[in-house]
Participant: 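To start, I am sharing the structure in question, which I have written as structure tokens.
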Protein chains: 2
Amino acid sequence: MAMVGAKLKALRTRRGLGMRELAARSGISHSAISLIERERMSPSVDTLGAILGALGTTMSSFFADLESGLPSRPFYRAEELVEIGRPDRISYRLIGMDYPNRRMLMLAERYAPGATTEASVAHRAEEAGIVMRGAVEVTVGDRTAVLRAGDAYYFDSQQPHSFRNVDPGISEIVSAITPPTY
Amino acid sequence: MAMVGAKLKALRTRRGLGMRELAARSGISHSAISLIERERMSPSVDTLGAILGALGTTMSSFFADLESGLPSRPFYRAEELVEIGRPDRISYRLIGMDYPNRRMLMLAERYAPGATTEASVAHRAEEAGIVMRGAVEVTVGDRTAVLRAGDAYYFDSQQPHSFRNVDPGISEIVSAITPPTY
DNA sequence: CAGGACTGTCGAGGATAATCAACAGGGGCG
DNA sequence: CGCCCCTGTTGATTATCCTCGACAGTCCTG
């Protein structure tokens, strides 16, 4: 999380505030601010949140700016895709893992026989995908359908939804979610 | 920073990962993950960053989702505007301070006589404003102009820029910056 | 039912974040 | 100059994060 200190200092000085003044407004000690700005310690989420609050910022704005920039490259080899699931059940391989400030989550999914997704909290997003191999039972709200190669889906993530592999072998889906509230 | 734990747990379980598995991938101990998920401690930025990385997420995505939602209200009284500058030099009063995931920063600025902005790092953004009162010398790149009531500006923030109050009294500007890399 | 592999929680310790109180370096002003 | 008020840095102490290992519960398998 490099650059946190430099960015914080830029924010503070731009407002013409001293460390002590910012400390008083945020409830964090001025020495802590000094150490954070010089990258000599990594603040807790609570601490950083308090400081950003006094500067009129939020965590998301702060890190959105920090992590912004163009991706390092446009192409990703199959072997490079980062695994964020578990291959023995449901493998989720992330496309464009080093794209800094993504607006979309694209995944190559691979379901082991019988694998089922966990119940998820409702979130405002749109989710679409297409089955590439096998057979997947998709439930959205009160509707259920078995999708096979070539079949697709598109729904609002706010509705309760789940996926279950009903093929005796492996099933594969390519999916996209936006915004990436994954 | 409430909800961090719940959101983290949702992310982990959705991928079918146990605490120990996530601990191994992130390099953070499973007990720390347990404590964080139950909101019994506030992780450091480094720690949370490591965990999110193993889940294929970034800080900005994580907090963007966490802080999302509709604003509590559409109207803000003059007295309510939050001060993020210093009234004796340059006062910056934030409009819509509780708008959760803003794409824009709008400020009511008030310059004391002789006040000057600090040098700022280059950032990719657009900045516009209009002078309401007094006289402000605005420098953008190699150009300088003195703007008075009714005069306005619009420039790319990547160019070095600064503001200086050249009025014997107080000068006022209403400005907007997007995205809010402030 | 016993054994194993998994789940998450808990307690004691060491590592680190955060605080408080000094300290040192500018300017400005009488 | 000598004093004041500001700036940010540093050392010693306390509080908190973080780790390691132990513990208890669940589920599957022999």
Side-chain angles (χ1 to χ4, degrees), chain A residues 1-55 59 85-90 112-120, chain B residues 1-2 4-55 59 85-90 112-119:
Chain A
M1 288 301 116
M3 289 288 297
V4 169
K7 167 99 175 137
L8 191 61
K9 179 168 189 170
L11 276 167
R12 176 177 62 80
T13 53
R14 180 180 296 196
R15 284 154 180 61
L17 298 176
M19 289 184 176
R20 281 179 172 76
E21 176 62 25
L22 179 56
R25 295 190 192 183
S26 61
I28 306 298
S29 69
H30 61 276
S31 5
I33 293 171
S34 173
L35 293 168
I36 294 166
E37 288 191 355
R38 286 176 297 136
E39 317 269 359
R40 296 177 67 80
M41 77 179 194
S42 175
S44 77
V45 168
D46 282 355
T47 301
L48 183 58
I51 295 172
L52 293 181
L55 291 168
M59 295 288 273
R86 39 189 299 177
D88 60 324
R89 290 191 188 177
I90 307 177
T116 310
T117 58
E118 311 289 328
S120 63
Chain B
M1 288 299 116
V4 169
K7 168 99 176 137
L8 192 60
K9 180 168 189 169
L11 276 168
R12 177 176 62 80
T13 53
R14 179 181 298 198
R15 285 154 180 63
L17 298 176
M19 288 183 176
R20 280 177 173 77
E21 177 62 26
L22 179 57
R25 294 190 193 183
S26 61
I28 306 299
S29 69
H30 61 277
S31 6
I33 293 172
S34 173
L35 293 168
I36 294 165
E37 287 191 356
R38 286 175 296 138
E39 317 269 358
R40 295 176 67 79
M41 78 177 194
S42 174
S44 77
V45 168
D46 282 355
T47 302
L48 183 58
I51 296 172
L52 293 181
L55 292 169
M59 295 288 274
R86 38 188 300 179
D88 59 325
R89 289 192 189 176
I90 308 176
T116 310
T117 58
E118 310 290 328

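Proteins get letters first, then strands, A, B, ... in listed order; numbering begins at 1 in each.
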Participant: Please report the closest heavy-atom contact between Val4(B) and Glu39(B), naming both atoms and the distance.
Facilitator: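 Nearest pair, atom of Val4(B) first, then Glu39(B): N-OE2, 3.6 Å.
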Participant: Looking at Leu17(B), is its backbone amide N or carbonyl O close enough to the side chain of Arg12(B) to form a donor-acceptor pair, meaning the two atoms are under 3.5 Å apart?
Facilitator: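 The answer is yes, because a donor-acceptor pair under 3.5 Å joins these two groups.
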Participant: How far does CD1 of Ile36(B) sit from CD1 of Ile28(B), to the nearest 0.5 angstrom?
Facilitator: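 One gets 7.5 Å once the value is rounded to the nearest 0.5 Å.
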Participant: Run the side chain to side chain contact (heavy atoms under 4.5 Å, CB included) test on Leu22(B) and Arg15(B) for me, step by step, so that the C-alpha distance in whole Å, both residues' side-chain angles and the decisive distance to 0.1 Å come before the verdict.
Facilitator: CA-CA 10 Å; Leu22(B) 179 57; Arg15(B) 285 154 180 63; over 6 Å; no
Participant: If every non-hydrogen atom of Ala23(B) is compared with every non-hydrogen atom of His30(B), which pair is closest and at what distance?
Facilitator: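 Closest approach of Ala23(B) to His30(B), heavy atoms only: CB-N, 3.5 Å.
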Participant: Is there a side chain to side chain contact (heavy atoms under 4.5 Å, CB included) between Leu11(A) and Leu52(A)? Walk through the geometry before answering.
Facilitator: CA-CA 9 Å; Leu11(A) 276 167; Leu52(A) 293 181; 4.2 Å; yes
Participant: Could you check whether Ser34(A) gets within reach of a base, just the sugar-phosphate, or nothing at all, counting any heavy atom under 4.0 Å?
Facilitator: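 Base: the residue Ser34(A), judged by heavy atoms under 4.0 Å, touches a nucleobase.
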Participant: Between atom CG of Leu8(B) and atom CZ of Arg38(B), what is the distance when rounded to the nearest 0.5 Å?
Facilitator: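 Rounded to the nearest 0.5 Å, the CG-CZ separation comes to 13.0 Å.
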Participant: How is Arg38(B) classified with respect to the nucleic acid when contacts are heavy atoms under 4.0 Å: base, sugar-phosphate, or nothing?
Facilitator: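 Sugar-phosphate, no base atom in range.
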Participant: What is the minimum heavy-atom distance between Gly16(B) and Arg86(A), and which atoms define it?
Facilitator: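 Looking at all heavy atoms of both residues, the shortest contact is O-CD, 2.5 Å.
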Participant: Which residue lies toward the 5' end of DNA chain C, Ser44(B) or Arg20(B), if each is placed at its nearest nucleotide?
Facilitator: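 This one resolves to Arg20(B).
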Participant: Give the stems involving DNA chain C, where a stem is 3 or more consecutive Watson-Crick or G-U wobble pairs (i with j, i+1 with j-1, and so on) under 3.5 Å.
Facilitator: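 Counting only runs of 3 or more consecutive pairs, the stems involving DNA chain C are C:1-6 with D:25-30, C:8-12 with D:19-23, C:15-30 with D:1-16.
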Participant: Out of curiosity, Ile90(B) CD1 to Thr117(B) OG1, how far, rounded to the nearest 0.5 Å?
Facilitator: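 One gets 6.0 Å once the value is rounded to the nearest 0.5 Å.
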Participant: For Leu35(A) and for Arg86(B), locate the closest nucleotide of DNA chain D by heavy-atom distance; then report the residue assigned to the nucleotide nearer the 5' terminus.
Facilitator: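 The 5'-side residue here is Arg86(B).
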Participant: With nearest nucleotide decided by heavy atoms, which residue, Glu21(A) or Arg40(B), maps closer to the 5′ end of DNA chain D?
Facilitator: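 Taking each residue's closest nucleotide, the earlier one in sequence belongs to Glu21(A).
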Participant: Using the heavy-atom set of chain A and a strict 4.0 Å cut-off, write down the first and last nucleotide of DNA chain C that makes it in, 5' to 3'.
Facilitator: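 The footprint of chain A covers dA17(C) to dA22(C).
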Participant: Minimum heavy-atom separation for Val45(B) to Ser42(A), with atom names?
Facilitator: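 Reported closest heavy-atom pair: N-OG, 3.4 Å.
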Participant: Identify the 5'-most and 3'-most nucleotides of DNA chain D with at least one atom closer than 4.0 Å to a non-hydrogen atom of chain A.
Facilitator: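 Endpoints of the contacted stretch of DNA chain D: dT7(D) to dT10(D).
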Participant: If I take atom NZ from residue Lys9(B) and atom CE from residue Met19(B), how far apart are they, to the nearest 0.5 angstrom?
Facilitator: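 Those atoms lie 6.0 Å apart.
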Participant: Contact class for Ser31(B) (heavy atom, under 4.0 Å): base, sugar-phosphate, or nothing?
Facilitator: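 Contact class for Ser31(B): base.
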Participant: Using the C1' atoms only, state how far dT26(D) lies from dG11(C), rounded to an integer number of Å.
Facilitator: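 Between the two C1' atoms, the distance is 23 Å.
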